[in-house]
Structures are given as C-alpha cells and as structure tokens.
Amino acid sequence: MAIHGLWVINKAGGLVYQRNFGEGLPGLTSNEYLVLAGTLHGIHAITSRLSPTGPSSGAQVIEGETFKMTIMLTATGTKFVLLTSLAETTADVVLQKVYEVYADAVMKNPFHTPEMPIRSDGFDRKITALLG
Amino acid sequence: MSYAQPHPRFSVLSSSSLSSAEHLSPAASSTRFSLPSAPSINTTVHTPKPGIRPNVYDRNLNKTRTAEVSSAAFAFLFSEVVQYTQKRVLGIADLERRLNTLGYRVGTRVLELMIWRAESSAKIPKREIRFLPALMSIHTQVWRAVFGKPADAIEKSVENADEYMIIDNDPSITRNISVPRDMSQLSCSSFTAGIVEAVLDGLGFPARVTAHNTPTDALPNRTTILIKLEKSVLEREEALKT
C-alpha cells in the first residue's frame with residue numbers, strides 16, 4: 001500500500017504536473033518524464049479506439065509486476081495518473097480527490113494559465129495534505 | 001501604503017493606466033456592466049408571471065437564507081475579475097488599488113442593505129457613531145453578511161494610534177488563489193479592504209484601508225486588513241470621550 005507518484009497531463013499530452021512521493025521511483029530527468037507522459041497520452045488515445053463495443057474512455061489501469069498506474073480521464077481531456085503499489089485499492093478514490101483539489105486550487109486561481117505547468121503553492125500544499 | 005494621487009473612488013481608472021481610459025470611464029461604460037437592460041427595472045409594476053423567476057430587483061431584500069451564492073461560482077467570477085484587472089494595470093500597487101475600488105462599490109451597497117435589514121428586524125435600529133462599536137460590527141455583521149462567518153480577530157496597532165487591524169485566518173475570496181512568488185506582496189483581499197473602506201466611509205469614519213498577507217505556518221492564507229483612520233476621526237473620538 002503506497003502511492004509513488006502523481007502526474008497531470010493536459011489535453012494536448014503535455015505533462016503539467018509531476019511529483020514523486022517517497023523513495024520508490026527511479027530518479028528521471030524532467031525531460032524523460034515529459035517523453036513518458038507524451039507516450040502515455042498516445043497509448044491512451046490508441047486504447048480508446050480499440051473498444052469492440054462502441055466508444056471507450058481508454059485505458060484505466062496499467063499493471064506491471066511491481067506497480068500499477070491508474071489513469072483518470074476527465075471530461076475536458078485532462079488526465080490524472082497515479083503510480084501506486086499493486087496492493088493499493090483506493091487509487092480511483094484518491095484520483096477523484098486529486099481532481100477536486102485541481103478544480104479548487106488550480107482552476108479557480110487567477111494566476112494559472114490553462115494548459116500550462118502548474119506552479120501553485122496552494123495545489124502543492126493540498127496534494128501534500130492528501131498524498132504526502 | 002501611500003497613494004500618489006487622489007483615490008479614484010468611483011472610477012476604476014488610475015492615472016498610470018490611462019490608455020484604457022475610454023472604455024472604463026463611467027460615461028462610456030454604461031453598456032459594459034452586465035446588468036439586465038433597463039426594461040427589467042420597469043417590470044416591477046407588473047406582477048411577475050407564474051413560473052418565471054422574478055428578476056433580481058423584484059426579490060425580497062430581507063430573505064437572506066435562500067439568497068446565498070455558491071462559493072465556487074463566486075471563486076470563478078472573482079478569478080476572472082482578477083485576471084481582467086491584471087491585464088489592465090502596470091503594477092501590483094495599481095492592481096490592488098483597482099480591486100480596492102471594486103470592493104468599495106460593493107461595500108457601499110453592503111452597508112445600505114445591512115442598515116435596511118437592521119431597520120426592519122430590530123426594534124430599535126441603531127447607528128454606530130463611535131469607532132470601536134463600528135469596528136466590532138464590521139468584524140461580525142459585515143463579515144457575516146458578506147462571507148457567512150465573522151472575522152477572526154481585531155487588533156490595535158501598538159505603534160500608531162490611528163491603525164486598527166481586522167484579521168481573517170482564511171478569507172473565503174482568496175482561499176483558492178496562489179499568488180506567484182514574483183508578486184508576493186499582492187493581496188487579492190484588497191477587494192475586502194475596499195468593502196471595509198466603503199462601510200467605514202459610509203458610517204462617517206473616513207479611513208485608508210489596505211490588505212496584507214500575514215501567513216503563519218498553520219494558516220498560510222491569513223490576511224490582515226489594515227485600517228488607517230483619518231485624523232478627523234481620532235479628534236472626534238477624543239471630543240466624544242467625555
């Protein structure tokens with residue numbers, strides 16, 4: 001039961017927020033994270049078109065041997081990605097709460113430019129309270 | 001905080017941003033305010049048709065319980081207000097002054113409405129003529145009318161006899177606002193300061209009111225509204241003391 005990291009990807013596939021929790025994740029450079037997020041955006045677009053029965057919202061969970069990533073797609077195309085241990089069962093709930101915090105601390109902040117990287121003390125603070 | 005020129009009280013203009021003068025001057029801007037157009041004022045003589053919501057001018061002024069506004073909706077509106085204002089100013093002082101002016105317009109109405117409500121509910125409506133009771137009523141009544149809760153503290157400055165402070169530990173209008181580091185002196189509570197200034201002015205206590213961030217570790221949004229009274233107020237207080 002552990003949360004390793006949180007990504008927020010904007011609707012164009014750019015990584016606008018990335019944060020690691022604990023020491024579990026390998027230290028990647030910010031450039032590598034940008035590439036990974038862009039790739040995930042592409043994969044997600046593919047998965048959303050593979051559904052045999054009508055439209056699909058795309059991949060929701062990607063699992064590995066040691067961890068899983070839970071992806072939440074919002075109505076506006078913003079994606080929230082949570083990297084957790086396999087045992088974590090509440091990732092969906094946590095992502096909903098992250099979305100709520102995002103709506104409050106980012107979208108209501110007059111100093112935030114939509115689709116741009118999130119640099120907001122209030123968001124950091126609330127995420128720390130929620131996940132840190 | 002000192003103002004170089006007279007405070008442009010009923011105009012959002014300031015001399016440093018005259019380029020936007022035409023479309024902000026009161027004369028030219030009558031159509032820019034999003035009031036429903038004039039006919040709605042005349043409709044007060046008609047009885048509203050059933051099923052149609054009465055317009056804002058026809059509503060009962062004393063119904064406070066059902067007239068509450070969604071704080072999320074207000075947060076988005078205020079965010080747009082700040083963005084709109086920020087595009088039209090040159091610096092932080094200018095931005096704060098404009099927010100203050102906008103708040104001032106709200107404050108004059110808040111005072112009028114509160115007095116109207118007090119008059120119809122209280123048996124002996126009272127008008128505050130001494131400063132401290134007036135400050136107390138701002139701390140509790142005005143705050144409750146505007147934000148739904150009283151402010152957290154009142155303080156008197158130790159150094160300056162003419163300075164008083166109202167402290168809000170978590171002002172609801174700036175709860176979701178994170179000011180970037182390069183503008184750290186900015187306090188969007190200047191809007192609240194404008195409201196306080198208008199109420200004090202309306203009660204006959206002219207003052208200069210400003211807002212300042214005074215965060216603590218536990219309360220990162222703590223804000224101090226600083227009231228600097230005009231000399232005439234202190235002199236009158238002294239004369240009334242007998």
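So that the names make sense, note that chain A is the first sequence line, chain B the second, and so on, each numbered from 1.
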Next on the checklist: With a strict 4.5 Å heavy-atom criterion, list every residue of residues 144-154 of chain B that contacts chain A, or say none.
Outcome noted: none
Item to check | A:K108 vs B:F78, side-chain contact (heavy atoms from CB on, under 4.5 Å): CA-CA, chis, key distance, verdict | outcome: CA-CA 8 Å; A:K108 290 176 190 167; B:F78 190 66; over 6 Å; no
Checklist entry - Is the count of non-hydrogen atoms from other residues, nucleotides or ligands lying under 6.0 Å from A:K68 atom NZ greater than 12? => result yes
Checklist entry - With a cut-off of 6.0 Å (strictly less than), are more than 12 heavy atoms of other residues, nucleotides or ligands near CD of A:Q60? => result no
Checklist outcome for this item: Contact list (residues 164-182 of chain B to chain A, heavy-atom gap under 4.5 Å, by number) returns B:N176, B:I177, B:S178, B:V179, B:P180, B:R181
Next on the checklist: Please determine whether the number of non-hydrogen atoms from other residues, nucleotides or ligands lying under 6.0 Å from atom CZ of A:R119 exceeds 12.
Outcome noted: no
Next on the checklist: Surrounding NZ of A:K11 (heavy atoms of other residues, nucleotides or ligands, distance under 6.0 Å), is the total greater than 12?
Outcome noted: no
Checklist entry - Under 4.5 Å between any side-chain heavy atoms of A:P110 and B:F76, yes or no? => result no
Checklist entry - Under 6.0 Å from the CD atom of B:E112, do we count more than 12 heavy atoms belonging to anything else shown? => result no
Checklist entry - At a heavy-atom separation under 4.5 Å, does B:E80 approach chain A through its side chain, its backbone, both, or neither? => result neither
Next on the checklist: Test side-chain contact (heavy atoms from CB on, under 4.5 Å) on B:Q83 and A:T113; report intermediate values, then the result.
Outcome noted: CA-CA 10 Å; B:Q83 287 177 55; A:T113 320; over 6 Å; no
